[in-house]
J.: 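Once you've had a glance at the structure underneath, I'll fire off some questions.
Here is how names work: the chains are called A, B, and so on, in the same order as the sequence lines, proteins then strands, and each is numbered from 1. What you are looking at is a predicted structure, and each value in this text was computed from that prediction instead of being measured.
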2 protein chains.
Amino acid sequence: MGFELDNRKKRILQAVIKDYITTAEPVGSRTIARKYGLGVSPATIRNEMADLEEMGFLEQPHTSAGRIPTERGYRYYVDCLMQKEELSFNEEDLIQREYRSKIDDVGQVIHITGQLLSQLTSYTAVVQKPKMGFSSFKNIQLIGMDKERAILIAVMDNGIVQHRMIEVPGSITGNDLAAISAVLNAKLSGFTMESIKNTLIKEIYIELARYRRTLDMVLDVLRFSLASDNDDKIYLGGLFNILNQPEFQNVEKLKTLLGLLEQENLLSNLMAADPSASGVTVRIGGEISYQGMQDCSMVMAIYGVKGQTIGSLGVLGPTRMDYAKVISVVEYMTRKLSFALENIFKGLVDKEVRF
Amino acid sequence: MGFELDNRKKRILQAVIKDYITTAEPVGSRTIARKYGLGVSPATIRNEMADLEEMGFLEQPHTSAGRIPTERGYRYYVDCLMQKEELSFNEEDLIQREYRSKIDDVGQVIHITGQLLSQLTSYTAVVQKPKMGFSSFKNIQLIGMDKERAILIAVMDNGIVQHRMIEVPGSITGNDLAAISAVLNAKLSGFTMESIKNTLIKEIYIELARYRRTLDMVLDVLRFSLASDNDDKIYLGGLFNILNQPEFQNVEKLKTLLGLLEQENLLSNLMAADPSASGVTVRIGGEISYQGMQDCSMVMAIYGVKGQTIGSLGVLGPTRMDYAKVISVVEYMTRKLSFALENIFKGLVDKEVRF
DNA sequence: GTTAGCACTCCCATATATTGAGTGCTAACA
DNA sequence: TGTTAGCACTCAATATATGGGAGTGCTAAC
């Protein structure tokens with residue numbers, strides 16, 4: 001990064017990148033001179049572009065074509081040249097309206113966020129669902145279904161409701177289930193999944209010694225199955241926007257990329273691999289180290305509540321992506337999402353709790 | 001259908017279709033003579049093919065190409081020529097294994113069914129989720145979240161659990177919610193959403209006169225929101241199998257088709273438009289009356305419990321589809337799915353109910 | 001340092017063979 | 001009368017020229 005480019009080189013690099021982002025065609029000196037008034041002739045621009053190529057910011061697909069940015073060019077653009085693009089009034093208004101109606105449910109908030117991200121950028125949105133680790137139990141119910149089965153329902157303080165069918169001994173009655181529910185509620189509500197301690201579990205076992213077999217299953221589900229269920233789940237929005245990108249008109253490429261995006265765990269890694277950075281992170285081309293995503297860039301950020309990171313969200317598009325726009329949108333939506341979740345949690349934590 | 005083809009024509013038509021299904025290339029007389037031992041020369045086959053073309057069963061993409069089947073050709077094949085292809089032991093075993101583990105939950109059963117359908121056929125599976133109209137309430141819970149909100153949880157007798165956040169007056173306490181829940185359970189459990197009668201509702205209002213405002217919301221959700229939620233929802237499996245079909249190597253076509261498949265309501269119509277037929281229905285090309293799906297065929301069937309239709313499932317592929325295989329798979333999976341659901345319901349209805 | 005001019009490169013679109021799979025027709029054969 | 005060998009014909013698909021045209025690098029003049 002130590003490089004400093006003189007002013008004219010910067011303006012030319014910026015012009016090339018901007019033009020390439022909109023046209024997806026290699027950019028020639030003539031175009032720059034015509035469209036971007038730099039007050040110099042194409043010949044001069046050619047000289048400068050040759051320099052920029054030597055420095056590794058631009059490249060030529062072939063000898064007699066215009067220039068396209070290298071990954072390094074994009075990187076420099078993102079770090080030094082680009083100016084953020086504020087959202088328009090209409091866009092902010094759209095966001096406001098979409099959020100207003102669905103503000104109660106975590107799932108819906110995630111869904112809307114993904115849709116807006118993809119809609120506003122025309123790329124593909126990737127939103128990690130909130131990690132459950134930090135949310136605490138609000139209510140636990142065991143409901144009998146038939147002689148050998150019951151449904152365990154857990155309501156979390158972030159409004160997420162999860163349920164699992166579990167098998168129980170035939171001898172257990174509806175009253176037994178109610179008794180177990182009562183104790184579980186008394187002991188566990190307010191605690192996060194992660195913070196269920198052994199002492200607590202011992203207490204429960206003592207109090208419900210009779211139901212050992214059933215408890216084994218219930219606690220297992222509560223501690224491991226439910227917790228891991230939502231983690232690593234990913235919402236994809238605007239997947240088919242990919243089809244509109246000229247770099248993916250080739251079906252083979254499409255197949256590779258869609259194949260990758262199908263693998264949730266891969267996406268999960270992609271979204272997780274960013275422990276240090278704060279704010280918006282941009283990964284360009286090869287900086288994403290997955291085979292088959294070399295032509296893509298990812299703009300992502302982490303969201304959270306009360307300083308706690310609970311997930312991340314981002315936009316995936318071709319390296320030739322409108323970074324200025326996308327970064328602004330991701331930044332804005334991250335704030336929006338964090339705020340919305342904060343609200344859901346606050347409503348639940350600060351106010352009087354009733355049951 | 002009044003047509004009768006002589007035996008040799010039948011065999012030739014069958015050969016052309018089979019070959020075209022596997023190769024996706026127009027089939028010439030020579031190929032037929034070589035690969036399918038009919039004991040006649042290419043010249044004879046040419047004559048026959050010319051006849052079949054005149055009758056509308058075959059066509060030529062251009063003068064000097066081989067023949068491909070027309071929609072009418074496929075139709076005749078499906079109705080008269082094709083012989084069903086039994087599933088292999090491995091396939092049946094796979095199905096058995098996949099079903100075994102996830103047999104408890106309706107959602108999971110649907111999911112597995114879709115996956116298997118697409119996996120076994122290499123096409124795209126379309127599975128309508130079960131209509132809720134026929135399932136009855138098993139348990140209803142209102143759980144307070146904060147001062148103004150509560151979660152309504154409804155467990156249905158088919159194991160589906162649904163929930164909604166609702167707003168309640170700030171004056172309502174946890175005890176109030178419990179009281180409401182108790183009455184709702186007493187009055188409604190065992191009833192289907194569709195059969196909640198006005199007399200029943202009146203009874204509830206009388207018993208819970210104090211909670212009028214809250215009840216309005218709750219009953220509204222129970223009767224309309226929850227019921228309609230699951231209906232018309234569609235699970236798509238193996239969507240990206242489309243990318244492997246040679247007829248969809250063109251990105252424009254892909255975009256059109258995927259665009260259609262994104263619209264749930266359209267799919268829903270597609271799956272619903274089959275009131276009379278029993279067993280497996282095959283719609284070929286233009287028989288699907290949606291713009292942009294002319295090159296597709298659909299093999300579908302309805303599934304149900306105790307003679308009641310509660311949904312449908314199918315496989316969508318190019319008109320050049322392996323009908324013999326697909327029809328067998330759809331038939332088999334329909335039985336499997338109905339059986340699995342039957343089991344879930346039976347478990348819940350016949351056995352002693354506990355709460 | 002900038003720019004006009006010019007030769008050069010190489011993609012792309014168009015036109016022009018060439019090939020080959022497959023046909024329809026005819027005439028001979030069983 | 002049905003079947004088949006033979007042959008001329010058709011036409012997509014594949015290669016093979018051909019002519020721009022967009023863009024470059026270099027040189028020399030300003």
Side-chain angles (χ1 to χ4, degrees), chain A residues 5-13 15-20 22-70 73 246-247 249-250, chain B residues 4-13 15-20 22-70 73 246-247 249-250 320:
Chain A
L5 297 178
D6 71 54
N7 223 338
R8 194 168 63 189
K9 281 201 175 55
K10 280 187 190 169
R11 294 186 59 192
I12 290 175
L13 180 54
V16 171
I17 293 181
K18 274 193 175 170
D19 207 78
Y20 186 62
T22 60
T23 64
E25 298 289 334
V27 189
S29 52
R30 208 187 154 67
T31 314
I32 300 291
R34 230 186 319 115
K35 285 213 273 188
Y36 305 81
L38 299 183
V40 288
S41 77
T44 310
I45 294 175
R46 274 206 289 287
N47 289 331
E48 296 286 43
M49 295 211 299
D51 290 354
L52 285 167
E53 176 162 7
E54 204 175 351
M55 293 185 224
F57 294 110
L58 294 177
E59 63 183 332
Q60 285 181 288
H62 52 85
T63 328
S64 71
R67 258 58 175 218
I68 62 176
T70 60
E247 27 273 281
Q249 290 308 297
N250 171 341
Chain B
E4 254 326 312
L5 297 178
D6 71 55
N7 223 337
R8 193 168 64 189
K9 280 200 176 58
K10 280 187 188 169
R11 294 185 61 192
I12 289 176
L13 179 54
V16 171
I17 295 182
K18 273 194 175 170
D19 206 77
Y20 186 62
T22 60
T23 64
E25 298 288 337
V27 189
S29 53
R30 208 187 153 65
T31 314
I32 300 291
R34 228 185 320 114
K35 284 212 277 188
Y36 304 81
L38 299 184
V40 288
S41 76
T44 310
I45 293 174
R46 274 206 291 284
N47 289 331
E48 295 286 43
M49 294 211 299
D51 290 353
L52 286 166
E53 178 162 8
E54 205 175 352
M55 295 184 223
F57 294 110
L58 295 178
E59 64 183 331
Q60 284 182 288
H62 52 85
T63 328
S64 70
R67 257 67 174 211
I68 62 176
T70 60
E247 27 272 280
Q249 290 309 296
N250 170 342
R320 182 193 58 77

J.: Within the structure, does a side-chain N or O atom of A:Ser41 lie under 4.0 Å from either OP1 or OP2 of C:dT2?
T.: no
J.: Round to a whole Å and report the spacing from CD1 of A:Ile32 to C1' of D:dT24.
T.: 14 Å
J.: Measuring from atom CG of A:Leu58 to atom CE of A:Met55, what distance do you get when rounded to the nearest 0.5 angstrom?
T.: 9.5 Å
J.: Which comes earlier along DNA chain D counting from the 5' end, the contact point of B:His62 or that of B:Gly39, where each point is its nearest nucleotide?
T.: B:Gly39
J.: From CZ of B:Arg46 over to P of C:dT26, roughly how many Å is that when rounded to an integer?
T.: 14 Å
J.: Is there a donor on the side chain of A:Arg30 or the base of D:dG23 sitting less than 3.5 Å from an acceptor on the other?
T.: no
J.: With both distances under 3.5 Å as the test, what is the Watson-Crick or G-U wobble partner of D:dC30?
T.: C:dG1
J.: Ignoring the backbone of B:Thr63, work out which of D:dC11, D:dT3, C:dC10 is nearest its side chain.
T.: D:dC11
J.: Would you give the length of the straight line joining atom CZ of B:Arg46 to atom CD1 of B:Ile32, rounded to the nearest 0.5 angstrom?
T.: 12.5 Å
J.: Expressed as a whole number of angstroms, how long is the span from A:Glu25:CD to C:dC11:C1'?
T.: 12 Å
J.: Expressed in angstrom and rounded to an integer, what is the separation of B:Arg34 atom CZ from C:dG22 atom C1'?
T.: 12 Å
J.: Is there a Watson-Crick or G-U wobble partner for D:dT3 with both distances under 3.5 Å, and which nucleotide is it?
T.: C:dA28
J.: Please answer whether the main-chain N or O of A:Gly56 pairs with a side-chain N or O of A:Thr70 as donor and acceptor at a distance below 3.5 Å.
T.: yes
J.: May I ask you to test the A:Asp51-A:Glu48 pair for a side-chain heavy-atom distance under 4.5 Å?
T.: yes
J.: Answer yes or no: does a side-chain N or O of B:Arg67 lie under 4.0 Å from OP1 or OP2 of C:dT23?
T.: yes
J.: For C:dT19, which nucleotide is its Watson-Crick or G-U wobble mate, given both distances must be under 3.5 Å?
T.: D:dA12
J.: What nucleotide, of D:dT24, D:dT4, C:dG24, holds the atom closest to the side chain of A:Met49?
T.: D:dT24
J.: Distance check needed: D:dA12 P versus B:Ile68 CD1, whole Å only.
T.: 14 Å
J.: Under 4.0 Å between a side-chain N/O of B:Ser29 and OP1 or OP2 of C:dG22, yes or no?
T.: no
J.: Which distance, rounded to the nearest 0.5 Å, do you find between the CG of B:Leu38 and the CZ of B:Arg8?
T.: 8.5 Å
J.: Look at the side chain of B:Ala50 and decide which nucleotide, out of D:dT4, C:dG24, D:dG25, has an atom nearest to it.
T.: C:dG24
J.: Return the value, rounded to whole Å, for the distance between atom CG of A:Leu58 and atom C1' of D:dG23.
T.: 14 Å
J.: Quick one: on DNA chain D, does A:Asn47 or B:Asn47 contact a more 5' nucleotide (nearest heavy atom)?
T.: B:Asn47
J.: Within a strict 4.5 Å, meaning less than it, do heavy atoms of the B:Asp19 and B:Tyr36 side chains meet?
T.: yes
J.: Per the atom types in the model, does the base of C:dT23 pair as donor or acceptor with the side chain of B:Ser64 at under 3.5 Å?
T.: no
J.: What's the CD1-C1' distance between A:Ile45 and C:dG1, to the nearest Å?
T.: 15 Å
J.: Separation of A:Glu59 atom CD from D:dG23 atom C1', in whole Å?
T.: 16 Å
